[in-house]
Q: 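Submitted below is the structure of interest, expressed as structure tokens.
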Amino acid sequence: MTDNSASNSTPPPAERGFSMPAEFAPHDACWMLWPQRPDNWRYGAKPAQVAFVAVASAIAESETVFVGVNDDQYENARHQLPAHIRVVELSSNDAWMRDVGPTFLTHSDGRLAMVDWEFNAWGGLNGGLYFPWDKDRRIRIKIAEILGIERFISPLVLEGGAIHVDGEGTLITTEECLLNPNRNPEWNRTDMERLLCDFLGVSKIVWLPRGCYQDETDGHVDNLCCFIAAGEVALTWTDDESDPQHAISYEAREILEKVSDAQGRRLKVHLLPLPGPLTIAETEASGVDRLSGSKPRQPGDRMAGSYVNFYIGNSVVVMPLLDPTHDDEAQNILESLFPSRRVIGVPAREILLGGGNIHCITQQQPKVQA
Ligand code: KQY
């Protein structure tokens, strides 16, 4: 029997035998949302929609893809997306499924469940990216209903892009995001570690100080560093000491190379080149509607481009193409890191212009294995 009830999380999911699998473990599906808001995506999101279709199509080579869409865009999305992609009405304020979607948990008895975090649009009224976020907040509730799974309610404000796990007890995150006063001012690092362990079934938290330079999420780890296998991470990197990203990546590398994971292993750190630096062009900024309460896009602003922001599917890795001078090098590295998967590059500047990338717009639903 399935249980799609909300749970007060006492005892917490970890104590009940649930944990979050790694992204590189098998999936049943991938969830996405459809971009449309004109104050974030230029030209009424038309160019972004083309990029989202390419991402969904690439992932659909390896698993079922669901795309949630507001009713007023249903017909347009259905028309643009290939027939084998499942388009479902699922209202949202924007299109960042990594952050507003479920963090799925599995149990060794074959049950799937999810964590339902608090969400405040990356900082609430103190530096957040838009208001309101009421539709985003209901997405996990609706997906729990659709799938008929238990939803563990967490008191933590947390977005999915703020964490990565290896599925063997280790979680990486950044202080810049999780300890930011605009997320969880009432909890310190120790409280936070306890909650992460309780909700995700991890036992070791690796804290990196900062996320990518100028990342508007307050430093989500998924743009800086991710697990590519147990005991191995990919880190965005530049040798250019004059680039502000250098010091950020350098301090992260120092920590990653010294730390041991939950299994007592030293991490192997693979470096991915930094694209760019990439800045917003005048023609790109001018296509975004200026509305009060949303983040303005200014020509010349540096964007937080990173090849680490890729999605690991069952048989594919879908990576952002961002800069012709570095795309091939990044793709070659990813091909060597994922020899059993096809690495598909998707032009992703339009997604970056909206403030994130491929990992941020996707959320894997793990396969349950009894
Ligand atoms: O990168 C993400 N995980 C979300 C970015 C939100 C940007 C909103 N403009």
Side-chain angles (χ1 to χ4, degrees), residues 23 30-42 44-45 47-49 51-52 55 68 92-103 117 119-133 135-137 139-140 157-164 172-174 176-178 180 182-183 210-226 236 275 278 280 284-285 287-298 301-311 318-320 322 348-364:
E23 187 171 328
C30 173
W31 290 81
M32 296 177 63
L33 292 164
W34 185 249
Q36 75 174 97
R37 59 182 299 153
D39 59 340
N40 193 53
W41 306 101
R42 67 178 176 141
Q49 289 170 3
F52 275 56
V55 171
S92 63
N93 300 101
D94 201 358
W96 307 99
M97 190 56 111
R98 176 67 49 187
D99 295 341
V100 300
T103 297
W117 312 101
F119 177 74
N120 70 358
W122 307 274
L125 302 180
N126 170 16
L129 299 177
Y130 52 72
F131 178 85
W133 52 82
K135 296 189 176 100
D136 288 343
R137 187 63 194 83
I139 284 176
R140 290 189 268 263
V157 175
L158 186 143
E159 306 93 36
I163 53 169
H164 261 301
I172 44 176
T173 189
T174 64
E176 181 187 352
C177 183
L178 251 59
N180 196 307
N182 68 13
R183 302 300 208 283
R210 295 178 281 170
C212 281
Y213 180 61
Q214 298 289 58
D215 191 324
E216 65 191 46
T217 64
D218 300 315
H220 274 187
V221 76
D222 71 343
N223 210 26
L224 177 79
C225 177
C226 68
T236 196
L278 304 174
I280 303 179
E284 293 170 332
V288 181
D289 288 2
R290 290 293 294 267
L291 300 179
S292 61
S294 52
K295 188 174 166 59
R297 303 287 176 202
Q298 310 283 7
D301 278 358
R302 168 97 174 239
M303 295 187 287
S306 165
Y307 292 113
V308 167
N309 210 308
F310 56 80
Y311 179 80
V318 184
M319 65 166 285
L322 294 166
R349 186 174 171 95
E350 293 297 335
I351 310 175
L352 180 60
L353 285 166
N357 225 300
I358 292 173
H359 195 257
C360 312
I361 63 168
T362 51
Q363 180 63 253
Q364 71 280 357

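Start at 1 and go down the list; that is how both ligands and their atoms are numbered.
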Q: Purely on distance, is any nitrogen or oxygen of Cys360 under 3.5 Å from one on ligand 1?
A: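 N/O-N/O distance under 3.5 Å: no.
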Q: Using a 3.5 Å cut-off on N or O atoms only, is Asp222 in polar contact with ligand 1?
A: no
Q: Measure the distances from the heavy atoms of Gly355 to every atom of ligand 1 and state whether one is below 4.0 angstrom.
A: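 Gly355 counts as a contact of ligand 1 under the 4.0 Å cut-off.
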Q: Test of understanding: with side-chain contact (heavy atoms from CB on, under 4.5 Å), list the residues that count as partners of Gln298, not counting sequence neighbours.
A: Arg290, Pro296, Asp301
Q: With the threshold set at under 4.0 angstrom, would you say His220 reaches ligand 1 through any of its heavy atoms?
A: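 The answer is yes, since His220 has a heavy atom less than 4.0 Å from ligand 1.
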Q: What are the atoms of ligand 1, with element, lying closer than 4.0 Å to any heavy atom of Trp122?
A: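 Taking each heavy atom of Trp122 in turn, ligand 1 has 4 (C), 6 (C) under 4.0 Å.
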Q: Working note: Ser92 + Ile139, criterion side chain to side chain contact (heavy atoms under 4.5 Å, CB included); need CA distance, chi angles, decisive distance, verdict.
A: CA-CA 7 Å; Ser92 63; Ile139 284 176; 3.6 Å; yes
Q: For Asn357, is at least one N or O under 3.5 Å away from an N or O on ligand 1?
A: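 There is no such contact.
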Q: Would you call the rings of Trp133 and Phe119 parallel, tilted or perpendicular, taking 30° and 60° as the class edges?
A: perpendicular
Q: Which of these, Leu353, Ile280, Asp289, sits in a side chain to side chain contact (heavy atoms under 4.5 Å, CB included) with Arg297?
A: Ile280
Q: With a cut-off of 4.0 Å, which atoms of ligand 1 are near a heavy atom of Gly354?
A: 7 (C), 8 (C), 9 (N)
Q: Find all atoms of ligand 1 within a distance of less than 4.0 Å from any non-hydrogen atom belonging to Gly356, and give their numbers and elements.
A: 1 (O)
Q: With no hydrogens and no angle check, is any side-chain donor or acceptor of Arg37 less than 3.5 Å from a backbone partner on Asn93?
A: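 Checked: pair present.
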Q: Report yes if the side chains of Glu350 and Arg42 come closer than 4.5 Å at any heavy-atom pair, otherwise no.
A: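 Yes, side chains in contact.
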Q: Using a strict 4.0 Å cut-off to heavy atoms of Asn40, name the atoms of ligand 1 that fall inside it.
A: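 Once the distances to Asn40 are compared, the set is 9 (N).
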Q: Enumerate the atoms of ligand 1 whose separation from the nearest heavy atom of Arg297 is less than 4.0 angstrom.
A: 9 (N)
Q: Are any non-hydrogen side-chain atoms of Cys225 and Ile172 less than 4.5 angstrom apart?
A: yes
Q: Check each heavy atom of Tyr130 against ligand 1 and say whether those closer than 4.0 Å belong to the side chain, the backbone, both or neither.
A: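 Neither; no heavy atom under 4.0 Å.
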Q: Short list, please: which atoms of ligand 1 are under 4.0 Å from a heavy atom of Thr217?
A: 1 (O), 2 (C), 3 (N), 4 (C), 5 (C)
Q: Take Asp222 and Cys360, measure what side chain to side chain contact (heavy atoms under 4.5 Å, CB included) needs, and give me the verdict at the end.
A: CA-CA 8 Å; Asp222 71 343; Cys360 312; 3.9 Å; yes
Q: List ligand 1 atoms under 4.0 Å from Asp99, heavy atoms only on the residue side.
A: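 Matching atoms, with element in brackets: 2 (C), 3 (N), 4 (C).
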Q: I'd like the name of whichever of Arg37, Arg98, Glu216, Met97 reaches closest to atom 9 (N) of ligand 1 through any heavy atom.
A: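 Considering heavy atoms of Arg37, Arg98, Glu216, Met97, the nearest to atom 9 (N) of ligand 1 sits in Glu216.
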Q: Return yes if some donor-acceptor pair links the side-chain N/O of Ser306 with the main-chain N/O of Asn223 below 3.5 Å, else return no.
A: yes
